[in-house]
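I have placed the structure first, in the form of C-alpha cells, so that the comments after it can refer back to it.
Within every chain, numbering begins at 1; the chains are lettered A, B, ... in the order of the sequence lines, protein sequences first and strands thereafter.
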Amino acid sequence: MPPFRAAGRLALLLAVLAEAPLAARAQTDGGVGETIEVAGERPGGSAQAPGAAGTTVDMARFSGEVRSAAEVLATSPGATVHQSGAPGQSASLSLRGASADESLILLDGIPLQGPGGGSIDLATLPAALLDRMIVSRGVLGAQLGAGALGGAVELVPRRATSRPSGGAQASIGSFGTAQVEGDFASGGALLGIQLDRTAGDFDYAARVPPEAPTFYGYTRQNSDARRASGLFRLEQRPAADTELDLLLQATAGDRGLPGAVTLTTTHSRSLDQGGLAGARLRGSAGRLAWAVRAWGRADRIELRGVQLTNDCTDGGADCPRSDERSSTARAEGEIAAQLGGRQFLKAIISGGEEWIAGAPTGSHRRPLTSLALSDDVVLPLDVTVHPALRIDRVGPDTAVSPGVTATVRPAGPLEFRAGWGLSFRPASFAELYLDQGGVAPNETLSPERAWSADAGAAWRSPHLTLAANVFWSRYRELILYQLYPPFRSKPYNTGAARIAGVELQATGSLPWGVTAEAAYTFLDAVNLRSGLEGHHLVYRPPHQLFGRLARRGDRLEGYAGLTFRSEMPRDAFDSAHLPAQLRIDAGAGIRAVGPLWIDFEVKNLLDDQTQQDLFQYPLPGLSLALIARARL
Amino acid sequence: MKRTAFALILAAACGGKYKAPPAQKSIALPTGAQLKPYDPAHPGNANPQGLAQVGDKVYATISNQYYDAAAQTVVNAGPGFLVGIVPSTGAQTLIDLGGSDEKQCQNPGFVRDSNGLLYAPCSGNFSGVDSGRALVEVDPAGAKVTRRAAIPDGRVPNGVAPGAAKIWMGDAFSLQVFSVDRATFTADPSMAALTLDCPQTPKTGFSYVADVLILYGDLYALCASDIAGTLFRFDSATGAAKGSVAVGPTPSEMSSTFDGRVAVINSGNNTLSLVTVSGATMTADNKALTYPSGTSILQDLRSRDNFLFTVASGSNSAQKIDLTAKGGPKIVQAASFGDGSNPYNIFPLDDDQAIVTNRQTNSIAAAQWVVVP
C-alpha cells in the first residue's frame, strides 16, 4: 500500500479552505455585519508562577475540531508530546526536554498522577471539558511544587457560571472514532461529560525488513479505546466575601495495548479508572486574602494479557492480571497579604499523604508536607520581581526549591522577563516499588535535581503578540532504568543532562478575521551521563514548528495547521533516529442553523502512513471527522 | 570491459562456489512434552539459540524454558537439548544434554564445533551456583553427550571457544574468561581465569563477557558494558595478553572475516566494527557500517566468503553485508522473519542462504532475502 496517496484530497480541501475567507470578505463587502472573533492568546499566564515563560492555550480556539489534550499541548512552544498511536492510546508530555515525570500537570491546582504515582497519561484528560491550559516553562518547583523541573501545565476547567449556559459537540470519524461532549452550567454549578471511542484500526506503512527500502501496508490491531469522563464544578458565595468551590472529576477507560510494530500484542489490554475531589473556601478581609482547601485523588489501572516478553491470553494461570492503585489526600491553607502598595506576600502550608497498593508494588505510603512562600514586588520603572521559596518533604526526602522571576516593561507593549529556579523530583512509587515483568524496584532512589535560567522578550499589542525565550538547564541524579541481570532493568540515579533551547511564538490578526500563529522550539538536549557525554538525549527533537491559520466567523470558520518535528535520536549513541515528521491538518465549518455548527476536519492531510513515535508505535495516516456542535 | 564482465559472470556461474540444497522455509522445533519437562504442568518452549554445523546437519541449542508468571522470571522447564537439523528436509535429531538426572545441563545457549565435535555451555538458572551449569561435549555422529565438565560456582558460562588445549568460556555476569582443559575436561581453578575490563557507568553499570572465539590460534574475548566495548586478544594456550582495542558499545558477538579481520557487531549503537590485527597491534574501524535506524538489537554474526551475515532480534531481521562493496561494507540483502519472531542466531548455508533460530516462535527459518539497493 503506498503511504502517500493524498494529492487529490489535498486539492479538494485546500479549495474548501480558500473559499471560507473569500466568502467572509464577500459578506463584509456586501454590508452584512459579521462579528469577527479574534481567537488569540489570553493575556496573563499562570497566577501561581507569575513572570515565568508561559503560553495560555484557549480551548475555544479549537472549537469545531476534535483535539485531545495532547494535540492541544503540542501547539505550545517548549512542549513535546509523544503519542503511542491511535486516539485514546497513551500520550506523554515533555516540557523543555524534561521527562514526562518532570513535567507537572495540575487540574485546578491539583497535581495529577498516573496509577504508578508518576506522570499522568494525557489520553485520560477530558480536553473538551477544559476552558484553557496554561503552560509554564522552567524549573518551577518553588512556584508549582516538586516535580516541575521542565515546567507545569495548569488545566483550567470550564467555569460554573451563574446564568444558564452550555454546549454540546458530537463527532464521528475515521477508524470508528467518535466523541460526544456536553456541558451545562447554571446557578454556579457545572456538569460536563465527555465520551470517546475508537476502533483504532488505522492503516500504517512500515519497512519490512527495516533495512529494505520498500514499505508495506498493515492495519493496526488491538488499538481500540473507550473512555468516559465527567466533571462537576460548583462555585458558590456563602457570604459576601467568601467563595466556596467544589470540583469533582472522574474518568474510566478501556483500551487495547497493540505493542510496537515489531512486537504486536493482540491480547493485552488496560483498564483504568481515576478521579479527584476538591473543596476550597476562600475569602478576604481588608488587605488579607485567605484560602483553605482539601482534595484527594485516586487512580487505578489493571493490565490484562501482559507478560514479560509477549502478550498472553487473559484468564490463564500463566497470565495473571496486575492491579495498581494510587491515591493522595491533601489539605492546604493559604494566606496572602498586600504590604503597602507594592508588595503582595503569600504563604501556603500543605500536608497530606499518598498511597500505592497493588500486586506488583505492594502497599506503601508516604507523608507529604510543604511550606511555600512567595512575594510579588513592584519596583520603580515598572519592574516586577517574584521571589519564591518552597520546602517540600516527600517521604524521607526534604528539599528546598528557590526560584525567582522578574519582568520589566520599559515602554508600551514591550516586555522583558527572566527567571531562575532550582528544584527536585522525588522518585515515584513506581520507580521505588514496581516489581513486575522486566522492571525491578529500587527503594534507595534519591530525588532528581535540576536548575534552570531563562530570559525572554515579548511584544504584546492588540493585534500582534511576539515572544522569544532562551533557557539553559542542568539536571543531575536523573533516574534511569538500567540493565539488571539477567532479564530485568532497574532504576538508578545515574543520569545527568544539560538542556538548552530557544522558544519563539507569534500570534497575529490578519485581514478577513484570520488569525495566524506560529510556535518554534529549538532544543539542544545533551547527555552528561558518564560515558555518554556529548550524545543527545533520546526522543528530544531539536526543532519543532507549529503553524496555524484560523478564521472564526459568524457563519463560516476554518483552519489549516502544520506540525513539524525534526529527526530525533532514538538511542543514546546518536546512531538511530526517528525520521522528521510533517503533519498537516485542516478543517472547515458552517453555522447551519441557529447555534448549530457543522464542521469537517482532516488530520494528517498528506496521509503519511509511515510516521511513528516512541518505541516504533505507528501513528494514523489521513483521518476524517464530521463534527456537530452548539453552544448557548 | 564487457568481455571482463561476461567472464566474471561465467566464472560465478560455473566457478564452484558451494550451493547448499534449498532450505525449508520454516522448521518447527520440538516443544512442550517433547522436551521432557520436569513438571508436566509447566512444559517448556524450545527457545532455540546457538547454531553450528557438522556434516550436513546444523545443530541448534534448545533452551527449554517457560515464563513463570507468579515468580516473574524465566524458568528452566527441563534439560537442555541440541537439535540436529537437515535444513533442506527439516529432518531432526534431538540430543538430550541433561545427563542421568536430566539436570546436568540446563539452558544451553552457544554452540560451536571443533574437530567434528560440538561444545555447548549450559548457563543453568543464571544463579551461578546451580548444577545445571556445565560444558558438554557432543558427538553428533552418535547423537550423545561424550563428556561433561561442571562449571565452578560463581561462574555462568556465556560463549564458547574450543582451542587446541583449552576450551574457553566467558562469564555472563562478570568479566572473567575461564577454561576447561580439553584433555581432562575439568575446569580451571578460579585464579587461572583471565579478567577483562571495559568502561561502564560508574556504580550502576553492568559489564560482562559477550563472546569468546578462537581465531588464527589466538583467543579473542569481547568485554561488553552498557556504554562501551573492548575486544581482547590472548594466547589461547597460556592466556597471555596480546592486546586489546575499543569497539562499539555493548558488543554482542564476533566473527572472523574472509580477509583476516575480526568483525564485531555492537548492539548499543547499531554498528559493525572491523578490527585489523597486525603483529601486536590491533586497530578498529568502529563505524565500518552503521545499520539503518529500524534495525534493533543486533544479536549474532557469521562470516562466509566476502559476506557477513547478521541478525537483529528487536527488528526481527537479518542482514547480508558485502565487505567488498564499493565504498565499504554495505547491506546488500535483508530478510524479515515476522512480527515477534525474535531471531537470535544466524548461520549461512552458502553465500545466498542463511537460517536463523527464532527464539520466540520456536523455529528455524530460512532467510527470504530482499535486495537492498
Note: vs chain A, highest number of non-hydrogen pairs under 4.5 angstrom among B:T201, B:V372, B:N270 is B:T201

Below 4.5 Å, heavy-atom pairs only: which of B:Y66, B:F173, B:Y291, B:Y208 has the largest tally toward chain A? B:F173

Rounded distance (nearest 0.5 Å) linking atom [atom1] of [X] with atom [atom2] of [Y]:
{"X": "A:T262", "Y": "B:N342", "atom1": "OG1", "atom2": "CG", "answer": "9.5 Å"}
{"X": "B:S317", "Y": "A:E211", "atom1": "OG", "atom2": "CD", "answer": "3.5 Å"}
{"X": "B:S293", "Y": "A:E567", "atom1": "OG", "atom2": "CD", "answer": "6.5 Å"}
{"X": "A:E533", "Y": "B:I227", "atom1": "CD", "atom2": "CD1", "answer": "7.5 Å"}

Between A:V208, A:T214, A:L263, which residue shows the highest count of heavy-atom pairs closer than 4.5 Å to chain B? A:L263

Identify the two heavy atoms, one from [X] and one from [Y], that lie closest to each other, and give their separation to 0.1 Å.
{"X": "A:S575", "Y": "B:N269", "result": "OG-O, 2.7 Å"}
{"X": "A:Q482", "Y": "B:G205", "result": "NE2-CA, 4.1 Å"}
{"X": "B:D226", "Y": "A:F573", "result": "O-CZ, 3.7 Å"}

Do the side-chain N and O atoms of B:T204 and A:T494 include a donor-acceptor pair separated by under 3.5 angstrom? yes

How would you list, by chain and number, every residue that makes a side-chain hydrogen bond (donor to acceptor under 3.5 Å, both in side chains) with B:Q65, sequence neighbours excluded? B:N76, B:N107, B:R359

For A:T264, all residues meeting side-chain hydrogen bond (donor to acceptor under 3.5 Å, both in side chains), sequence neighbours excluded: B:D339

Would you indicate whether B:Q368, at its atom CD, is surrounded by more than 12 heavy atoms from other residues, nucleotides or ligands within a distance under 6.0 Å? yes

Neighbour count above 12 (heavy atom, 6.0 Å) for B:K287 NZ: no

Segment of [X] engaging chain A (4.5 angstrom heavy-atom cut-off):
{"X": "B:A335", "result": "backbone"}
{"X": "B:Q200", "result": "neither"}
{"X": "B:V371", "result": "backbone"}
{"X": "B:T290", "result": "side chain"}
{"X": "B:S341", "result": "neither"}

At a 4.5 Å cut-off on heavy atoms, which part of A:R570 comes close to chain B: side chain, backbone, both, or neither? side chain

With a 4.5 angstrom heavy-atom cut-off, is it the side chain or the backbone of A:N493 that approaches chain B, or both, or neither? neither

